[in-house]
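Structure record follows, encoded as structure tokens.
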Amino acid sequence: MQRQIEFSGNTLLPLLFGPHGSHLLHLEKKLGIQIADRGNTLTLSGDQFKIDQAARILDTLWDRLEKKTGCRCCRNRCGVALYGFRKKQRIKKEKTTDEQSGSTVRTRKKHITPRSPNQAAYLEAMKKNDMVFGFGPAGTGKTYLAVAMAVSMFIEGSVERLIFTRPAVEAGENLGFLPGDMKEKVDPYLRPIYDALHDMLHWDVMMKKMESGDIEIAPLAFMRGRTLSNAFVILDEAQNTTCSQMKMFLTRMGEGSRMVVTGDLTQTDLPRGVMSGLREAYDTLEGVEGISFCHFNRGDVVRHPLVGRIVEAYEKRDEQTRD
């Protein structure tokens, strides 16, 4: 992108440009743009946002010079103007964060704040609805934010129990025979939930609550035949449920309970030809009062930046395959 700035008169230009154009070089270096001068006209080339930023700085300095408020070193003015602009941007960013902080979730070990509008909407949905579905790719915070909300409501006494579950489906791997008792057999499937809980509760508190049954982490099969009352219940990796499993789980909901169902419909590990219970639930329950559906995309990924690009690459491949 290019933009031209024309100044009235040449008298003050040496002060604005600096010795041998040093002030312009300073702006070029700081903003990563190119500035070409021809008489009293400057041509700015580069990123549109940075060009606009440089233009505002130069206009401000020119006004000060015309009003004879220029400093002995115009380069310092460039630095001050640049700092002032960045400060405004930082204040704006902090304001946006503060606006989102209304959705901040407080736990014993840390406060969790949404990092995107979709995450903020997800937290708000969990506050207002008894049942919430979170759809999206890996790394968007679906499970982590749900666990944070669950812990927060448990601490404040809104629910009496926390129940975390997920289907024990092998992700394209044959684990074979696993030694140990039932807990040791299913723990590998539930490790992400343990990790999230450990981020929000001290280890000794977490273990005591698990021993007392106030916090329960179990495979989905253990939910059959139960009524889950006064509890915050999370079903993770729900794309790996069958249709009958999903219906079974959703109908376990008891009085005073909240349910959150999370999953990524693009990563099902079910056998070929078996419909995902998460897909059927979405098609069946959309529009039902009291149920909220929240969608995440690659822009919400909060893991390594490369994860977002990986998700984007796979999405493009899937689109090409469909075409």
Query raised in the report: Name the one of Asn129, Asn230, Asp130 that satisfies side-chain hydrogen bond (donor to acceptor under 3.5 Å, both in side chains) with Arg258?
Result: Asp130
Query raised in the report: Between Ile163 and Arg226, does a side-chain contact (heavy atoms from CB on, under 4.5 Å) hold up when you go through it step by step?
Result: CA-CA 12 Å; Ile163 300 175; Arg226 301 175 60 183; 4.3 Å; yes
Query raised in the report: Are the side chain of Asp236 and the backbone of Arg166 linked by a donor-acceptor contact shorter than 3.5 Å?
Result: no
Requested in this report: Look up atom CZ in Phe133 and atom OG1 in Thr262, then write down how far apart they are to the nearest 0.5 Å.
Outcome: 10.5 Å
Report task. First locate atom CD of Gln4, then atom OG1 of Thr43, and finally report the distance between them rounded to the nearest 0.5 Å. Result -> 4.0 Å
Solution key, residues 288-295 side-chain donor-acceptor pairs under 3.5 Å, sequence neighbours excluded:
none

Requested in this report: Give, for atom OG1 of Thr284 and atom CG of Leu250, the distance between the pair rounded to the nearest 0.5 Å.
Outcome: 10.0 Å
**Report entry** Residues Tyr144 and Asp199: side-chain donor-acceptor under 3.5 angstrom
**Finding:** yes
Under 3.5 Å donor-acceptor pairs involving side-chain atoms of residues 151-161, not counting sequence neighbours:
unit_1, atom_1, unit_2, atom_2, d
Ser152, OG, Arg106, O, 3.4
Glu156, OE2, Ser158, OG, 2.7
Arg161, NH2, Ser229, O, 3.3

Enumerate donor-acceptor pairs with a distance under 3.5 Å from any side-chain N or O in residues 274-282 to protein atoms, sequence neighbours excluded.
unit_1, atom_1, unit_2, atom_2, d
Ser276, OG, Gln239, O, 2.9
Ser276, OG, Leu278, N, 3.1

Report task. Mind running side-chain contact (heavy atoms from CB on, under 4.5 Å) on Leu16 and Phe7 for me, showing each step along the way? Result -> CA-CA 10 Å; Leu16 180 66; Phe7 300 97; 3.6 Å; yes
Query - Distance (rounded to the nearest 0.5 Å) between Leu197 CG and Leu201 CG - result: 6.0 Å
Query raised in the report: Is Thr41 reaching over with its side chain to a backbone N or O of Glu6, donor-acceptor style, under 3.5 angstrom?
Result: no
Query raised in the report: Of all heavy-atom pairs between Leu220 and Thr241, which one has the smallest distance, and what is that distance?
Result: CD2-CG2, 3.6 Å
Query raised in the report: Just by distance, do the side chain of Arg317 and the backbone of Ala313 share a donor-acceptor pair under 3.5 Å?
Result: no
Query raised in the report: So, for Thr165 and Pro219, which heavy atoms are closest and what is the spacing to 0.1 Å?
Result: OG1-C, 3.2 Å
Report task. Grab the two heavy atoms, one from Gly39 and one from Phe17, that are nearest each other, plus how far apart they are. Result -> O-CE1, 4.1 Å
Query raised in the report: How many angstroms lie between atom CG of Asn297 and atom CG of Asp300, to the nearest 0.5 angstrom?
Result: 4.5 Å
**Report entry** CE-CE distance between Met131 and Met259, expressed to the nearest 0.5 angstrom
**Finding:** 5.5 Å
Requested in this report: State plainly whether one hydrophobic cluster holds both Tyr194 and Val205, where clusters connect Ile, Leu, Val, Met, Phe, Trp and Tyr through side-chain heavy atoms under 4.5 angstrom apart.
Outcome: no
Query raised in the report: Heavy-atom distance under 4.5 Å between the side chains of Met223 and Glu216, does that happen here?
Result: yes
**Report entry** Any donor-acceptor pair under 3.5 Å from Gln119 side chain to Thr140 backbone
**Finding:** yes
**Report entry** Note, Val147 side chain near Met200 side chain (heavy atom, < 4.5 Å)
**Finding:** yes
Requested in this report: With the side chain counted from C-beta on, respond yes when Leu27 and Leu58 share a heavy-atom pair under 4.5 Å apart, and no when they do not.
Outcome: yes
Report summary line: For Leu228 and Ser257, the nearest pair of non-hydrogen atoms, with its separation, is O-OG, 2.6 Å
**Report entry** Any Met246 side-chain heavy atom under 4.5 Å of Val261 side chain
**Finding:** yes
Report summary line: Applying side chain to side chain contact (heavy atoms under 4.5 Å, CB included) to Glu28 and not counting sequence neighbours gives Leu25, Gln34, Ile35
Report task. For Glu211, enumerate each residue passing the side chain to side chain contact (heavy atoms under 4.5 Å, CB included) test, keeping only those at least two apart in sequence or located in another chain. Result -> none
Query - Stepwise side-chain contact (heavy atoms from CB on, under 4.5 Å) check, Lys29 with His26 - result: CA-CA 5 Å; Lys29 181 179 178 181; His26 177 71; 5.9 Å; no
**Report entry** Which atom of Gln245 lies closest to which atom of Asn240, heavy atoms considered
**Finding:** OE1-O, 4.1 Å
Report summary line: Partner of Gln267 under side chain to side chain contact (heavy atoms under 4.5 Å, CB included), picked from Asp264, Asp269, Leu265, is Asp264
Query raised in the report: Can you check side-chain contact (heavy atoms from CB on, under 4.5 Å) on Ile5 and Trp62, steps first, answer last?
Result: CA-CA 11 Å; Ile5 305 175; Trp62 182 254; over 6 Å; no
**Report entry** Polar side chain donor-acceptor pair, Ser116 to Asn118, under 3.5 angstrom
**Finding:** no
**Report entry** side chain to side chain contact (heavy atoms under 4.5 Å, CB included) against Asp52, all qualifying residues, sequence neighbours excluded
**Finding:** Arg3, Gln48, Arg56
Query raised in the report: Is there a donor in the side chain of Ser45 and an acceptor in the side chain of Gln2, or the other way round, less than 3.5 Å apart?
Result: yes
Query raised in the report: Between Lys50 (side chain) and Gly32 (backbone), is there a donor-acceptor pair under 3.5 Å?
Result: no
Report summary line: Note: Ala148 and Thr107 closest approach over all heavy atoms is O-CG2, 3.9 Å
